[in-house]
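Position 1 is the first residue of the sequence; numbering continues from there.
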Amino acid sequence: MQSKPLIELICKELFFHEQDSVFKELESRLGIMDKDVYEAYEYYDSDVYGYDNDVYSSIPIRFVQYLHARKYGSWHVAKNRTISAWLADYWPCKVVDVGYGIPQSYLLDRIPFPNNGSFALLEKYKSAKLFGEQLINIYDEKSQSNIAFHEFDMDQDKISHYGNADVHLFLDSLEHATDPEKLLESTRSAAHNKSVIFLSLPIGEIVPVHSISWSSANEIIAWVTRNGLDVQRTKELAPNPKVDIFIESMHSSFSTLLLECSCR
């Protein structure tokens, strides 16, 4: 269990040392206080075995995800930079981001969008939409015409409604579905023949918020290939133990594999 002083130190470094005016404006708009974020940060990062997916119904958890995505040297930043670079090969285009958590830098850094660039952001929990709409509004109110937020349950709703997207993103989200294989197959079947799918999938033990994990990059590639996708490129990333403090609570090593895949 991480100590509360350590969590507070990290939080203060993130949104006081950086003088993050966006963060403070989000707190004001959403009625969240610093102590709410401290407590959520400690809860979320100190014991990955201590909660299920309903943790994401919390707005303070969205603030924690925002902090994760901004911390220099973190695994989250490295992942987002890679995805942004890959996405540049297709942008501007139609993107659907399934289980996005919060709007990430690969979206935010492209504001304002050209007319033929758009994002559909899909998440089950209302907290994601509430946080995301305010964040986009702070960045550029006009960009909301190119960014659509949808409440979407990966276990119940039909991904086929978003089959016209050019790029489908499942970044640390597919493994949260009850049946990831069925969801991936539905996405592949609905996608047009030039669309691509970006994935970020876990390597290591299964934690309570996940329904699946893999033991190696090769095992993931074999699984993806068996499910009708052709892997174009990959990159494996591991958490930075100096920054990504959640890794201290895990029982074994953990990493993720990023994949860019085309549909057969």
Is it true that a side-chain atom of [X] and a backbone atom of [Y] form a donor plus acceptor pair closer than 3.5 Å?
| X | Y | answer |
| --- | --- | --- |
| T256 | P202 | no |
| N240 | G73 | yes |
| D140 | I111 | no |
| T225 | I221 | yes |
| S211 | E175 | yes |
| H192 | A165 | yes |
| E205 | H251 | yes |
| R188 | S262 | no |
| S195 | A191 | no |
| S105 | L108 | no |

Over all heavy atoms of both residues, which pair between [X] and [Y] is shortest? Give the atoms and the distance, please.
| X | Y | result |
| --- | --- | --- |
| L201 | W223 | CD1-CZ3, 4.3 Å |
| L130 | L30 | O-CD2, 4.0 Å |
| L135 | L26 | N-CD2, 3.7 Å |
| Q104 | A69 | OE1-CB, 3.4 Å |
| P60 | D36 | CB-O, 3.8 Å |
| Y41 | H68 | OH-CD2, 3.8 Å |

Approximate separation, where rounding is to 0.5 Å, of S186 OG and E181 CD:
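The OG atom of S186 sits 11.0 Å away from the CD atom of E181.
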
Evaluate the criterion salt bridge (Lys or Arg N to Asp or Glu O under 4.0 Å) for residue pair R62 and E123; output intermediate values, then yes/no.
CA-CA 12 Å; R62 301 302 177 184; E123 255 280 4; 3.6 Å; yes

Between [X] and [Y], is there a side-chain N and carboxylate O pair less than 4.0 Å apart?
| X | Y | result |
| --- | --- | --- |
| D172 | K79 | yes |
| D89 | R233 | yes |
| E185 | K182 | no |
| R29 | E25 | yes |

With clusters defined by side-chain heavy atoms of hydrophobic residues (ILVMFWY) lying less than 4.5 Å apart, directly or transitively, does [Y] cluster with [X]?
| X | Y | answer |
| --- | --- | --- |
| F198 | L183 | no |
| I220 | I206 | no |
| L259 | L174 | yes |
| V77 | L107 | no |

Geometric class of the [Y]/[X] ring pair [parallel <30°, tilted 30-60°, perpendicular >60°]:
| X | Y | result |
| --- | --- | --- |
| Y44 | Y51 | parallel |
| Y56 | Y125 | tilted |
| F246 | W75 | tilted |
| Y66 | F23 | tilted |

Student check: side-chain heavy atoms of [X] and [Y] closer than 4.5 Å:
| X | Y | result |
| --- | --- | --- |
| W214 | L257 | no |
| D34 | K24 | yes |
| F254 | I203 | no |
| V55 | Y43 | yes |
| K194 | D166 | no |
| V231 | E260 | no |
| V209 | H176 | yes |
| F119 | F149 | no |

Could you walk me through whether S46 and E42 satisfy the side chain to side chain donor-acceptor pair (under 3.5 Å) test, starting with their C-alpha distance in whole Å, then the side-chain angles of each, then the deciding distance to 0.1 Å, before giving a yes or no?
CA-CA 6 Å; S46 64; E42 181 178 29; 5.6 Å; no

Report the C-alpha distance between H150 and D157 in whole Å, list the side-chain angles of each, state the deciding distance to 0.1 Å, and finish with yes or no for side chain to side chain donor-acceptor pair (under 3.5 Å).
CA-CA 11 Å; H150 303 274; D157 296 324; over 6 Å; no

Show, in sequence, the C-alpha distance, side-chain angles and deciding distance for S118 and N146, and conclude whether the side chain to side chain donor-acceptor pair (under 3.5 Å) test is met.
CA-CA 5 Å; S118 66; N146 296 82; over 6 Å; no

Using the side chain to side chain contact (heavy atoms under 4.5 Å, CB included) definition, which of the options I245, L67, I247, D244 pairs with D45?
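Exactly one candidate clears the test, I245.
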
Test log, rule side chain to side chain contact (heavy atoms under 4.5 Å, CB included), inputs K71 and H76
CA-CA 8 Å; K71 179 60 177 173; H76 302 277; over 6 Å; no

Is the number of heavy atoms from other residues, nucleotides or ligands within 6.0 Å of CG (D54) greater than 12?
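Above 12, so yes.
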
Using the rule given for side chain to side chain donor-acceptor pair (under 3.5 Å), can you reason through D155 versus T178, listing the C-alpha separation, both sets of side-chain angles and the distance that settles it, and then say yes or no?
CA-CA 6 Å; D155 296 330; T178 301; 2.9 Å; yes

